[in-house]
**Student:** 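To start, I am sharing the structure in question, which I have written as structure tokens.
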Amino acid sequence: MSVVAGGRFAGAGERRGPAYRETAITAGRAMSDGTGDGGAQDAGRAAARPPSLADLVVVLVALVVLIAGSLALFGLDALNGPIQVALVLCAMVAMLVVLKNGHRWEEVEASGRRALSSITSAVFILLAVGALIGTWNLSGTIPTLVYYGIQVLSPGWYYAAAALICGVVAMSIGSSWTTAATVGVGLVGIATMLGVSAPITAGAVISGAYLGDKLSPLSETTVLTAQMVRVNVYEHIKRQAWTSLPAFVIAFVLFLLIGWVWGPAATDLGDTGSELTALGDIYWITPLNLLPLVLLVVLSARKVPATLALMAAAIFAGILGIFTQPPVIRAFVGEPGLNSVVAGIKAVWRAMANGFEKSSGLADVDRLLSRGGMDSMLPTLWLIIGAVTFGTLLEEFGLLDRLIDPMVRAAKGTGRLFATVFASAFGLNVIAGDQYIALVLPARVFRAEFARRGLAPTNLSRLTADSGTVTSPLVPWNSCGAFMGAVLGVPTLAYLPFCFFNIASPLLSVIYGFTGFTVERLPAGDREEGEE
């Protein structure tokens with residue numbers, strides 16, 4: 001994520017990490033919540049039992065059964081509601097376990113409030129992205145990207161080009177979310193027009209977006225990882241390059257092979273002439289339509305908060321569209337006698353709320369244009385609320401510690417230690433549904449163990465980024481997987497096999513641990529540093 005788009009959970013690591021849990025659960029929570037006498041609450045907490053192994057098993061079995069059941073019954077449509085219900089039920093199971101162990105309901109409520117407060121930024125970013133897609137279709141920004149892209153990009157190297165373009169953009173602005181929600185949306189739209197695979201294109205978009213995110217000093221998760229492991233951010237980025245660049249080369253070559261060997265035959269412009277004609281008939285295609293994209297890049301580079309940058313680009317696109325696309329505005333509002341100014345305001349407002357709609361007679365064009373709106377993000381928000389609430393309950397009441405502590409003790413040897421960090425981070429992405437828990441918790445838990453074994457902290461910072469950040473969009477109910485699926489219009493499980501970078505990067509990190517390649521050692525005198 002980034003300082004801009006990734007800012008949706010800004011500070012989440014500090015708020016909800018193990019150190020926070022120790023203070024928030026054991027001291028003064030009732031006073032801040034206004035739930036009663038602090039001394040009485042402390043006495044109640046002292047009487048609470050730590051979770052048992054059976055407690056953990058019950059919660060994990062509930063998660064597996066409910067998630068697997070929703071996928072088995074509904075397939076990819078499970079993301080439209082069934083998985084959300086499953087996660088809410090999992091949270092209820094965790095609440096029952098917590099209450100059984102002697103915690104008060106007020107503590108559970110307080111944990112839920114903290115979970116929801118941690119995603120406040122995510123809520124507004126998702127709503128802003130929905131508004132942006134709606135107004136960018138209204139104003140012709142996305143159609144213009146598609147119009148020019150169809151004429152430049154060839155199916156033979158389309159996937160590789162998509163990954164490279166997103167990598168450059170994400171590295172420039174430090175934002176995987178912003179990259180996917182803007183350039184990525186256009187690239188998936190172009191893929192549909194060219195007759196190439198939307199899921200493979202989505203995998204390429206995500207591969208490039210996360211390469212740039214990992215190697216950009218503007219990325220929030222990059223900065224947070226360095227801070228949590230206590231290394232210089234630029235040293236962290238240098239070490240990440242040892243896995244990120246080879247992983248991207250692997251992904252790039254695979255995308256080239258897919259495009260050349262298994263992709264469609266080279267397409268000449270005549271094959272897409274009807275789509276180009278339709279776009280040209282609907283919109284005034286001009287480079288002026290790309291000004292909202294330029295504005296967003298400038299605001300992102302200047303570290304403007306994500307919500308403000310995205311909403312500014314959305315509103316600017318709407319205002320621009322009033323002047324550049326008056327026929328589109330009038331047709332969208334559907335009230336011929338309405339004053340042009342009022343019609344423009346009404347069109348922009350409606351596009352931000354409910355998205356843009358257009359019936360051109362061409363299915364591919366209609367799928368591209370009829371998207372967006374804040375209301376389109378509500379199922380994703382529902383998913384994130386369920387996942388983060390469930391994950392916060394597991395973390396704050398000790399159930400995640402019960403899972404991770406035995407793994408730490410069993411990790412003998414450097415290779416097994418690296419594999420354990422990966423398993424912990426990826427497992428937390430699955431169980432907790434929150435990238436920040438998957439990033440922060442392993443960084444804190446394993447920091448002292450790496451120091452005790454004489455391993456430089458840069459090893460851990462690279463490994464946690466590869467394992468926690470990069471794998472987050474591969475899980476449908478994780479906040480990142482839910483976001484990518486929503487904005488790209490491709491189900492997470494459909495694009496997952498083609499996120500070659502996101503698969504190769506953590507695997508390379510683990511292989512390095514077993515082979516010793518690029519594994520740095522601490523000087524003998526520094527081996528106990530970092531322990532708390």
Side-chain angles (χ1 to χ4, degrees), residues 54-98 100 108 112 115-116 119 122-123 126 130 180 188 192 197-203 206 355 363 367 370-371 373 375-395 399-400 403 423 426-435 437-438 471-499 502-503:
D55 294 335
L56 176 63
V57 170
V58 167
V59 173
L60 294 183
V61 167
L63 177 68
V64 170
V65 170
L66 290 170
I67 295 295
S70 64
L71 291 172
L73 290 173
F74 300 98
L76 295 181
D77 289 336
L79 288 170
N80 294 326
I83 280 185
Q84 287 89 329
V85 172
L87 289 168
V88 171
L89 292 176
C90 287
M92 296 295 179
V93 171
M95 291 176 188
L96 291 175
V97 168
V98 168
K100 184 267 296 181
V108 175
L116 295 180
I119 62 170
V123 170
L126 280 166
V188 172
T192 303
S197 168
I200 299 177
T201 302
I206 293 168
R367 277 194 295 269
S370 301
R371 291 196 59 205
D375 65 350
S376 69
M377 294 296 163
L378 297 181
T380 303
L381 290 173
W382 180 15
L383 185 67
I384 293 173
I385 288 170
V388 173
T389 302
F390 176 61
T392 301
L393 288 167
L394 297 189
E395 184 190 4
L399 286 157
L400 290 184
L403 175 66
F426 180 66
L428 289 171
N429 267 324
V430 174
I431 295 171
D434 181 0
Q435 174 191 224
I437 292 178
T471 62
S472 59
L474 306 182
V475 181
W477 51 90
N478 187 283
S479 56
C480 297
F483 178 88
M484 293 298 170
V487 300
L488 297 177
V490 179
T492 310
L493 295 178
Y495 70 62
L496 186 156
F498 307 107
C499 293
N502 305 70
I503 295 170

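Sequence positions, counted from 1, serve as the residue numbers for this chain.
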**Student:** Do you know the tightest heavy-atom contact between Met484 and Ile206?
**Tutor:**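 Scanning both residues, the minimum pair turns out to be CB-CD1, 3.9 Å.
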**Student:** For residues Tyr495 and Thr201, determine if any side-chain heavy atom of one lies less than 4.5 Å from a side-chain heavy atom of the other.
**Tutor:**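 SC-SC contact between Tyr495 and Thr201 ruled out.
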**Student:** Is there a side-chain contact between Pro473 and Asn502, using heavy atoms and a 4.5 Å cut-off?
**Tutor:**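 Heavy-atom side-chain distance check passes, below 4.5 Å.
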**Student:** Find the distance between CG (Leu381) and CG (Leu126) and round it off to the nearest 0.5 Å.
**Tutor:**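 It is 5.0 Å, given to the nearest 0.5 Å.
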**Student:** Find the distance between CD1 (Ile503) and CG (Leu474) and round it off to the nearest 0.5 Å.
**Tutor:**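 The CG atom of Leu474 is 6.0 Å from CD1 of Ile503, to the nearest 0.5 Å.
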**Student:** On a heavy-atom basis, which atom in Thr392 and which in Ala115 lie closest, and how many Å separate them?
**Tutor:**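 Closest pair (atom of Thr392, atom of Ala115, distance): OG1-CB, 3.4 Å.
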**Student:** Set out, in order, the CA-CA distance, both residues' side-chain angles and the distance that settles side-chain contact (heavy atoms from CB on, under 4.5 Å) for Val59 and Leu393, then state yes or no.
**Tutor:** CA-CA 11 Å; Val59 173; Leu393 288 167; over 6 Å; no
**Student:** Which heavy atom of Phe390 sits nearest to which heavy atom of Leu63, and what is that distance?
**Tutor:** CE2-CD1, 4.0 Å
**Student:** Output the distance between atom OG1 (Thr380) and atom CD1 (Ile385), rounded to the nearest 0.5 Å.
**Tutor:** 11.0 Å
**Student:** Under a 4.5 Å cut-off applied to non-hydrogen side-chain atoms, are Phe483 and Asn478 in contact?
**Tutor:** no
**Student:** How far does OG1 of Thr389 sit from CE of Met92, to the nearest 0.5 angstrom?
**Tutor:**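 Between Thr389 OG1 and Met92 CE, I get 9.5 Å after rounding to 0.5 Å.
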**Student:** Looking only at non-hydrogen atoms, find the nearest pair between Ala438 and Asn429 and report the distance.
**Tutor:**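 Ala438 and Asn429 have their closest heavy atoms at CB-OD1, 3.4 Å.
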**Student:** From Leu87 CG over to Ile384 CD1, what is the distance, rounded to the nearest 0.5 angstrom?
**Tutor:** 11.0 Å
**Student:** Any side-chain heavy atom of Ser376 sitting closer than 4.5 Å to one from Arg371?
**Tutor:**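 When only atoms from C-beta onward are counted, Arg371 and Ser376 do not touch, as no gap falls below 4.5 Å.
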**Student:** Does the pair Trp382 and Val85 meet the rule for a side-chain contact (heavy atoms from CB on, under 4.5 Å), with working shown?
**Tutor:** CA-CA 9 Å; Trp382 180 15; Val85 172; 4.0 Å; yes
**Student:** Distance-only, no hydrogens or angles: does the Trp477 side chain make a donor-acceptor pair with backbone N or O of Leu383 under 3.5 Å?
**Tutor:**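 Checking the backbone N and O of Leu383 against the side chain of Trp477, no donor-acceptor pair under 3.5 Å is found.
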**Student:** Nearest heavy-atom pair of Ala198 and Val490: which atoms, and what distance?
**Tutor:** O-CG2, 4.0 Å
**Student:** Can you tell me how far OG1 of Thr471 sits from CG of Leu428, rounded to the nearest 0.5 angstrom?
**Tutor:**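 Going from CG on Leu428 over to OG1 on Thr471, the span is 9.5 Å.
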**Student:** Nearest heavy-atom pair of Thr492 and Val475: which atoms, and what distance?
**Tutor:** CG2-C, 4.0 Å
**Student:** Under the criterion side-chain contact (heavy atoms from CB on, under 4.5 Å), I'd like the reasoning laid out for Met377 against Val487: C-alpha separation, chi angles, the key distance, then a yes or no.
**Tutor:** CA-CA 8 Å; Met377 294 296 163; Val487 300; 3.8 Å; yes
